[in-house]
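Worksheet for the structure shown next.
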Amino acid sequence: MTRTVAATRNVTGIPTGRLGVWWVLASETVIFGGLLGAYIMHRVGHPEWGDQAVHTNVWAGGFNTLVLLSSSLSAVLAHQAAERGNGARAAILLRLTAAGGATFLLVKAFEWTAEIGSGFTIGSNLFWSFYYTAAGLHGLHVLAGMVIMLFVAATAARNVELHRVENVGIYWHFVDIVWIFLFPLLYIAK
Amino acid sequence: MTEQVHRNYVRIWAVLCALLGVSILGPMIGIRMLTLITAFGVAILKAYLVAKHFMHLDIEKRWVAYVLLAMVAFIVVMFAGIAPDVMKHDGLLWENTAAKAAVERGRDAGAGGNR
């Protein structure tokens, strides 16, 4: 297979694909950092938000954290398998990771259904606006990661382009890290 | 890249799960400072473990970590610039009456069970 110069040059010492992922994550850091920074300063300035935060479900959030941590494990094991040239195993583990993402979104859907049903909507007050915006933006990243992961799994199963397994894994771990901070901010701090 | 360093990923995952347990159980003790440590201190530790061992930042080119830390520094600058206005509602010669009114409205709504 012929590859473009842009895909093969290596002046930074990092393969271009992985370099691209790091740049994406640098911009994502600013996006989520800005959002969470704004949330933290408002949360401190508005102690009454605690009355709203008591309605978030700690156990659902905790379970979802466990799901994402476990999916990160399967993602890194997929990377390990890819490094050993075992594309078939990497594909299975990537699909397992995507299943973790689907579980996460399913739990989130049940959670949101209950909350919206109880009258806590995005327009209820600023706490819930932040809650749905931050968790929603994160959920979109989970969904995007799942789609990319399934594409990468399809090629990995044929034992080609195995370097992509690491790239999508790095992205997935970042999504995990964002949730690691969202969980205490939205669920623990009452 | 990872094959240069052998890691027990399952063990790291188990540590992360144990830390998750700490962050959930910590607030149940009811001490505010302890809650801050178990919730946010543990979150920082978990993020560090994921970044180091799962993202392999410890064996990645060092400038990658510097770029990511530079982004975090931007956030800190933004926070430091804006937070005083948002977090404080009065000072020696000023008062943010709108923010104080918002807090009162929120408290009334919370007390009345309003969402």
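All values below were derived from every heavy atom in this structure, side-chain atoms included, with hydrogens, water molecules and symmetry-related copies excluded. So you know, we letter chains A, B, ... as the sequences are listed, proteins then strands, and number each from 1.
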(request) Sort Ala51(B) into side chain, backbone, both or neither according to what part of it lies under 4.5 angstrom from a heavy atom of chain A. (result) both
(request) Nearest 0.5 Å please: distance from the CG atom of Leu73(A) over to the CZ atom of Phe54(B). (result) 5.5 Å
(request) Determine the interplanar angle of the His56(B) and His79(A) rings, folded into 0 to 90°, and report it as parallel if under 30°, tilted if 30 to 60°, perpendicular if over 60°. (result) perpendicular
(request) Would you mind checking which part of Leu36(A) comes under 4.5 Å of any heavy atom in chain B, side chain (CB onward), backbone (N, CA, C, O), both or neither? (result) neither
(request) Check step by step if side-chain contact (heavy atoms from CB on, under 4.5 Å) holds for Trp63(B) and Ile14(A). (result) CA-CA 11 Å; Trp63(B) 63 263; Ile14(A) 296 177; 3.5 Å; yes
(message) Is Val103(B) close to chain A through its backbone or its side chain, or both, or neither, when contacts mean heavy atoms under 4.5 Å?
(response) both
(request) Heavy-atom distances under 4.5 Å only: say whether Val86(B) touches chain A with side chain, backbone, both or neither. (result) both
(message) Between Ile177(A) and Met55(B), is there a side-chain heavy-atom distance shorter than 4.5 Å?
(response) yes
(request) Against chain B, label Leu77(A) side chain, backbone, both or neither, depending on which of its atoms sit under 4.5 Å from a heavy atom there. (result) side chain
(request) Any chance you could measure Leu25(A), atom CG, to Leu68(B), atom CG, to the nearest 0.5 Å? (result) 7.0 Å
(message) Counting neighbours of CH2 on Trp94(B) that are heavy atoms of other residues, nucleotides or ligands and sit closer than 6.0 Å, is the number greater than 12?
(response) yes
(request) State the CD-CZ distance between Glu48(A) and Arg105(B), to the nearest 0.5 angstrom. (result) 9.5 Å
(request) Only one of Ile44(B), Val50(B), Leu49(B), Leu20(B) passes side chain to side chain contact (heavy atoms under 4.5 Å, CB included) with Ile180(A); say which it is. (result) Val50(B)
(request) Tell me, with the steps shown, if Lys61(B) and Arg18(A) meet side-chain contact (heavy atoms from CB on, under 4.5 Å). (result) CA-CA 11 Å; Lys61(B) 294 285 179 194; Arg18(A) 200 165 82 226; 5.7 Å; no
(request) Considering non-hydrogen atoms only, spot the tightest contact between Phe181(A) and Ala47(B) and give its length. (result) CE1-CB, 3.6 Å
(message) Distance check, rounded to the nearest 0.5 Å: Ile75(B) atom CD1 versus Thr29(A) atom OG1?
(response) 8.0 Å
(request) Group every Ile, Leu, Val, Met, Phe, Trp and Tyr by side-chain heavy-atom contacts under 4.5 Å, then state whether Val76(B) and Met41(A) land in the same group. (result) no
(request) Determine, using the 4.5 Å side-chain heavy-atom cutoff (strictly less than), whether Leu25(B) and Leu34(B) are members of one ILVMFWY cluster. (result) no
(message) Could you see if Ile148(A) belongs to whatever hydrophobic cluster contains Phe151(A)? Use Ile, Leu, Val, Met, Phe, Trp, Tyr and a side-chain cutoff under 4.5 Å.
(response) no
(message) If you apply the rule side-chain contact (heavy atoms from CB on, under 4.5 Å), what do you find for Trp22(A) with Leu57(B), and how did you get there?
(response) CA-CA 11 Å; Trp22(A) 284 124; Leu57(B) 263 176; 3.7 Å; yes
(request) Under 4.5 Å heavy-atom distance to chain B, tell me which part of Trp172(A) shows up: side chain, backbone, both or neither. (result) neither
(request) Can you establish whether the number of heavy atoms outside Phe74(B) located under 6.0 Å from its atom CZ is more than 12? (result) no
(message) Taking Val54(A) as the starting point, is it possible to reach Tyr132(A) by hopping between hydrophobic residues whose side chains are less than 4.5 Å apart?
(response) no
(request) Specify which of Gly169(A), Ala189(A), Ser70(A) makes the most heavy-atom pairs with chain B at under 4.5 Å. (result) Ser70(A)
(request) Would you check, one step at a time, whether the test side-chain contact (heavy atoms from CB on, under 4.5 Å) holds for Val76(A) with Trp13(B)? (result) CA-CA 10 Å; Val76(A) 80; Trp13(B) 171 79; over 6 Å; no
(message) Does any backbone or side-chain atom of Ile24(B) lie under 4.5 Å from a heavy atom of chain A? Answer side chain, backbone, both or neither.
(response) both
(message) Rounded at 0.5 Å granularity, tell me how far CE in Met28(B) sits from CD1 in Ile188(A).
(response) 8.0 Å
(message) Is the distance between the ring centroids of His89(B) and His46(A) under 6.0 Å?
(response) yes
